[in-house]
There are 2 protein chains.
Amino acid sequence: MTTIADVARAAGVSTATVSRALSNPDAVSEPRRSQVLQAAKALGYAPNYAAQSLRTTRSQRIILTVPDISNPFFSAVIRGAEEAALAARYSLLIGDTHHDSEREEYYAAMLTRREADGMVFLGHRLAPTMVALVAKQGAEAPIVNGCEFEPGLNVSSVHIANAVAAAEAMQHLYDLGHRRIGVITGPLLSPISRDRLSGVQGAAAGQRLWDEVLVRTGDFSVDSGEALAHELLAEEHPPTALFCFSDEMAIGAIAALRERGLDCPRDVSVVGFDDIRYARAFQPALTTISQPKEAIGRKAVEMLLAILSKKADGLASITLPHELVVRESTAPPAR
Amino acid sequence: MTTIADVARAAGVSTATVSRALSNPDAVSEPRRSQVLQAAKALGYAPNYAAQSLRTTRSQRIILTVPDISNPFFSAVIRGAEEAALAARYSLLIGDTHHDSEREEYYAAMLTRREADGMVFLGHRLAPTMVALVAKQGAEAPIVNGCEFEPGLNVSSVHIANAVAAAEAMQHLYDLGHRRIGVITGPLLSPISRDRLSGVQGAAAGQRLWDEVLVRTGDFSVDSGEALAHELLAEEHPPTALFCFSDEMAIGAIAALRERGLDCPRDVSVVGFDDIRYARAFQPALTTISQPKEAIGRKAVEMLLAILSKKADGLASITLPHELVVRESTAPPAR
DNA sequence: GTGCATAATGTAATCCATTACAAAATATGG
DNA sequence: CCATATTTTGTAATGGATTACATTATGCAC
């Protein structure tokens, strides 16, 4: 491996000059600079990352954990995050936690070892190591929460107004004439589901129809959407519309309808959440709440970078705009 | 930050003993070891990654580049890769290249800076830096190609038998009674598409029906599938079946059918490729070639680890099994 | 108890780039 | 041309762990 010393020797200057020519060109006179650059190129020199990182105590790396990387919702967020990281010359370490707290802790420990300068997590809880960090450093802790917002965690976050969005979805169904609505939530541990459920309650109560709402708790997966839709449709008075807290569950729910010989939207309307890549192409195209996925990722990283460069003041909780996208999976109730 | 010296002081031993107690426990007597471990825990010590990496010249990191992280096909491969990496105490740096060669080079340069020990790339070409590495180190170059297989690159690879798989898909359509078949490929720059096209040609020629095959070149995206399906269906003698080289294009093609008032599979059958997560739930459920996505990721990383530990001998090109999954999107031709 | 093999521990060099501080070179003003 | 300010360059300490080699302790045989 060629080192900075080799370059210095070849260019006939000191290692300090080489270092400066490379990372702080203004501090070096023109003739030297080109001497050095030429020698560096000739030798194929590239700075050793570990040495650089050791000396500067910065890793130029951000760790991003997601509960499930193969969910296109999360991968869109990742895209935005990578964008923002790259623009600031950081690179992104991605950790798939599989919703598993041990893995969450595993990735969090990377902060302690200084493998990364900060962390963006898409989830609803902090691993022990992160709790300790937050306790010690408060708002300076280099941790940002994406998608969810749990005030008790004491970290900055970026998300949409989940309650409002959910209320809008319900209102859309009420406007179409639906009265009895089945709601399939995500795990109620996560604020994302609780907030959306609050929105559902608000909208339903506003219509004096809360007792016509049937709630089931799913886990965001296609399978749970399918199973719980079956349950709801088997009720004595089945709902004429379903609101699912993820597009994946909506897809599962529509599959359940099909299995029961029902048509969406003719017999039952379905609203999803997230507006994943396939929502548009799905048959029927999904009516859903569109989240600004890339923007969430981008913003989360930008907030983290602000914390890292001491430009952030205090905790911030940013709400990005969502949008109800009406497509084919909703229609007025039959008859 | 607590360092190894702090722990040494607290435990009343030398730094060497601390290091050994932590990373090579057998080299230290029992009493010392627990002394050290206790001190380390009490001080909340965690080894500094950069220092460790600098000294050992190993980063314990693998970089994996994908052309599009939000494609669930690739994210499934990523999952498998992360699995295998984690099991070997490596972590995965993921780079989304957006099919862009500058980004490919950007990530490849990380190898030069020793930010990663090796690289798995899901793509069909090598960035200049990687070409240089392969030229210098030959089969020892820590680079593995996943999904594709381009012998000219001189790197090991893991993939399925693309030509065979494509031929099977065609044969399935012939067996159903189709004669005139539209094929929507991916970019022909990539061997993955060329191999599949060869398989198509083989199967068609075997039936003496090659002149009934209509080929269009897409780019694996939903949109290109949709646009090219429209083109094919507007032909004077439109095909009765379409074979798309990705599920995304198949989804696009089915959307095109719908737009033209045609039903899949009643009017036109469609076969996809990859068996992504949504292929099953899609309406109609896609007939497709299932690739062992996680296994490809896992195997690619394992091969890379073998190269890194000098256990690999020469280049290897591993073929994993695929499977034609027949679902609802294919049926005998109308009439 | 002595002598030798083996195990346990310590000392200090090392990995490579950055940067505080010192020294040298150049510019500026009179 | 001298004195001082400014720019450029160099020397050497530094970051934190690992490990070759040297040293000390322990075990075992006689």
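Scope of the values below: all heavy atoms of this structure, side chains included, with no hydrogens, waters or symmetry mates.
- Put simply, Tyr45(A) has no side-chain N or O that comes within less than 4.0 Å of OP1 or OP2 on dC16(C).
- As rounded to whole Å, 12 Å separates atom P of dA7(C) from atom CG of Asp26(B).
- Distance from the side chain of Ala51(A) is smallest for dC16(C) among the nucleotides dT9(C), dC16(C), dT18(C).
- Between Arg20(B) and Asp26(B) no salt bridge is recorded (no basic side-chain N to carboxylate O distance below 4.0 Å).
- Contact check on Glu30(B) versus Arg33(B) returns a salt bridge, with a Lys/Arg side-chain nitrogen under 4.0 Å from an Asp/Glu carboxylate oxygen.
- Atom CD of Glu115(B) is separated from atom C1' of dA17(C) by 14 Å (rounded to the nearest Å).
- Taking CD1 of Ile192(B) as the start and CD of Gln291(B) as the end, the distance is 6.0 Å to the nearest 0.5 Å.
- For the pair Asn48(A) CG and dT14(C) P, the interatomic distance rounds to 17 Å; values are reported in whole Å.
- Between Asp96(A) and Arg103(A), none of the side-chain N atoms (NZ, or NE/NH1/NH2) sits under 4.0 Å from a carboxylate O, so this pair counts as no salt bridge.
- For the pair Glu30(A) CD and dT26(C) C1', the computed distance is 17 Å after rounding to whole Å.
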### Query
Would Val144(A) and Ser157(A) count as a side chain to side chain contact (heavy atoms under 4.5 Å, CB included) if you check the C-alpha gap in whole Å, the side-chain angles of each, and the deciding distance to 0.1 Å?
CA-CA 6 Å; Val144(A) 172; Ser157(A) 61; 5.6 Å; no
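- Extent of DNA chain D lying under 4.0 Å from chain A heavy atoms, first and last nucleotide in 5' to 3' order, is dT8(D) to dG16(D).
- Within residues 10-25 of chain B, the residues having any heavy atom under 4.0 Å from DNA chain C are, by residue number, Val13(B), Ser14(B), Thr15(B), Ala16(B), Thr17(B), Arg20(B).
- Across the interface with DNA chain C, nearest-nucleotide mapping of Arg55(B) and Arg55(A) shows Arg55(B) to be the residue nearer the 5′ end.
- Taking atom CD1 of residue Ile4(A) and atom C1' of nucleotide dT19(C), one finds them 11 Å apart after rounding to whole Å.
- If you take CG of Asp6(A) and C1' of dA17(C), they are 13 Å apart, rounded to a whole angstrom.
- One finds the CD1 atom of Ile63(B) at 11.0 Å from the CD1 atom of Ile143(B) (value rounded to the nearest 0.5 Å).
- A salt bridge is absent between Glu150(B) and Arg125(B): the closest approach of a Lys/Arg side-chain nitrogen to an acidic carboxylate oxygen does not fall below 4.0 angstrom.
- Using a 4.5 Å heavy-atom cutoff, the side chains of Ile78(A) and Ile69(A) are in contact.
- Applying the side-chain contact (heavy atoms from CB on, under 4.5 Å) criterion to Ala127(B), with sequence neighbours excluded, gives Glu104(B), Glu105(B), Ala108(B), Met130(B).
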